[in-house]
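Every number for a ligand or one of its atoms is a count from 1 in the order of the listing.
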Amino acid sequence: MSNLKWWQTAVFYQIYPRSFADGNGDGIGDFKGMTEKLDYLSGLGIDALWLSPHFPSPNWDCGYDISDYCSVAPEYGTLDEFKLFLAESHKRNIRVILDLVLNHTSDEHPWFIESKSSRDNPKADWYVWVDTPPNNWQSCFDGDAWTYSPERDQYYYHYFMKQQPDLNWHNPQVKQAMWDAARFWLDLGVDGFRLDAIGTIFEDPKLTPHTVPMNLAELRRFSELAKTPREIKQKEKYWFEMFKNQYGQAGLHELMKELRAVLDEYDGDRMLVGEDDDIKYMGNGADELHLVFNFPLMRTERISPAHIRKNQKERLARLDELSLEKGWPCNTLGNHDCSRIHTRFGDKLHDAELARLNSALILTLKGTAFLYNGEEIGMTDYMLTDISQVKDTMGSWYYHTIVTEMGVHPEEAMMRTAEMTRDKNRTPMHWSAGQNAGFSPAEARTWLPVNPNYKDGVNVHDQDKNPGSLLNYYRHLIRIRKSSSALQAGEFIPLQTTAQEYFAFLRRSDNQTVLVVLNYSDKAIELDFTRTKEIKNTKLKILASSAERRTGEFPPSFKAGAFEVLIAEAIRG
Ligand code: NOJ
């Protein structure tokens, strides 16, 4: 269809392994479960999977604290089960990328255990050690960034929790060890990596203190209370100021180039996507990362036509500026770290309609699309009610800090914690209306509670046979994207760029032009594209519409229904 690489046209689907499918009935997702669901994923039409970490881990940060980079967490299965999963995925033409956490390991990783054992062991310099805390840096999860280790009578640095010590990437042995780990999985045939938190790998060598007049817990409280535009601006400034010396420092581009060279040793277009929105990590377009996420698109209270337009204009212009090859966009609206799309971008009155508009957006904008497991059935955030249920350590730290240090009443503290913890968007996947949503057997106790709305149609089984369900809508959108050269590869041409209520654009390839209209308003709108040079004198042929009445062909002037998603091919003659 075009000479694009697989990862450019792909729809990726993020699996959060702990919450996807429990194959052995212990209340935790695993590879057996994931393998059993591959036919479902293949039917959904996705091309690739991104697995959040599946490595052994003490799970202080739900797998993002890795204690062995070259094996599988026992609760998820064995290496053989992983290999089977990979082979079965590939058999269905589904590629698999893994999560590579470079910045830090678990404090239970043998590298750290050795490093902290003495000041002169062979790995003494594999982490960031100092005699006394040199500044007021914060861990972005829980308080001070420097933690004392009695064995060495020294402090180590951690950008995240104290159970996640930062590696010292200035040490060539660290690089070697990590590249070897990457090769281990590449040798097994994985198709690439999502790179965790790359911006945090290096720190300001001068160790410059931050200048924010509060600590992290206070900043979180300040952020919760910030409501006016001035306060919101101040909050953003503080967050930036607090972490700017611990983030995006020199050395990253050289490092990304080295890792890219490792991937390029392999055939099969292995790829890297960075958990960062900075296009600079794509280097000259061919020597660093293949993709970085367009996070600015989702960094907003509300997805509005004006926001999308501004985002696309800035983003696409910057991608075009790379010096050797143009960069390729990569769009997403959700992942395991943030409130679910349905909840976050809903308005509590039209959540279902807005969810359809937003999924159409991600699947029709120019670029690779990333979906998060459960969004295709409209899973929503689930608010925990008791601190004993909280598994996200960032949440429990916050609860205890505001109760003990700020005197917040436990009931209120729990409500705030439920809002801020990432547990709300990580609850088990809903496969059916049966007990435990079919995620685990009825008698199992699932690792996080199941959101009870699985009984109200928010589950795969109920939506599967219903032609009007969100699930079938996703299937349809993915199918038309796959059969359309314009949607996969075409240029992006925004139309009628002053409209506040709707977002309209064309995707145009050599042999196809597709019009997309997303009406974000609750009113029907008369639209007229008869003077749009690319599609005047054409007839529109519907590829997808959320308005059931729309079928067949019609001229490019029509009435778009309230919240309508319309995707149509422009046909000449
Ligand atoms: C980003 C991951 O997405 C998040 O879940 C994790 O807590 C941090 N990086 C630390 O690894």
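For ligand 1, the atoms closer than 4.0 angstrom to any heavy atom of Asp61 are 6 (C), 7 (O), 8 (C), 10 (C), 11 (O). Every atom of ligand 1 is numbered from 1 in the order shown, and the set under 4.0 Å from a heavy atom of His104 is 10 (C), 11 (O). Below 4.0 Å from some heavy atom of Asp337 lie the following atoms of ligand 1, by number and element: 1 (C), 2 (C), 3 (O), 4 (C), 5 (O). Those atoms of ligand 1 that come under 4.0 Å of a heavy atom in Phe141, given as number and element, are 7 (O).
Counting only N and O atoms by type, the side chains of Ser440 and Asn436 include no donor and acceptor under 3.5 Å apart. Checking Glu375 against Ser359 by side-chain atom types alone, no donor-acceptor pair falls below 3.5 Å. For the residue pair Ser149 / Trp129, no side-chain donor-acceptor distance below 3.5 Å is found, with atom types taken as modelled.
For Tyr127 and Phe112, the ring centers are positioned less than 6.0 Å apart.
Protein heavy atom at the shortest distance from atom 1 (C) of ligand 1 is Asp196 OD1, 2.9 Å.
Of all the heavy atoms of Arg426, the ones lying under 4.0 Å from any atom of ligand 1 belong exclusively to the side chain.
Checked for salt-bridge contact, Asp269 and Lys5 meet the test: a charged N lies under 4.0 Å from a carboxylate O. For Lys123 and Asp125, the salt-bridge test fails: no basic side-chain N is under 4.0 Å from an acidic carboxylate O.
For Arg422, the heavy-atom gap to ligand 1 drops under 4.0 angstrom.
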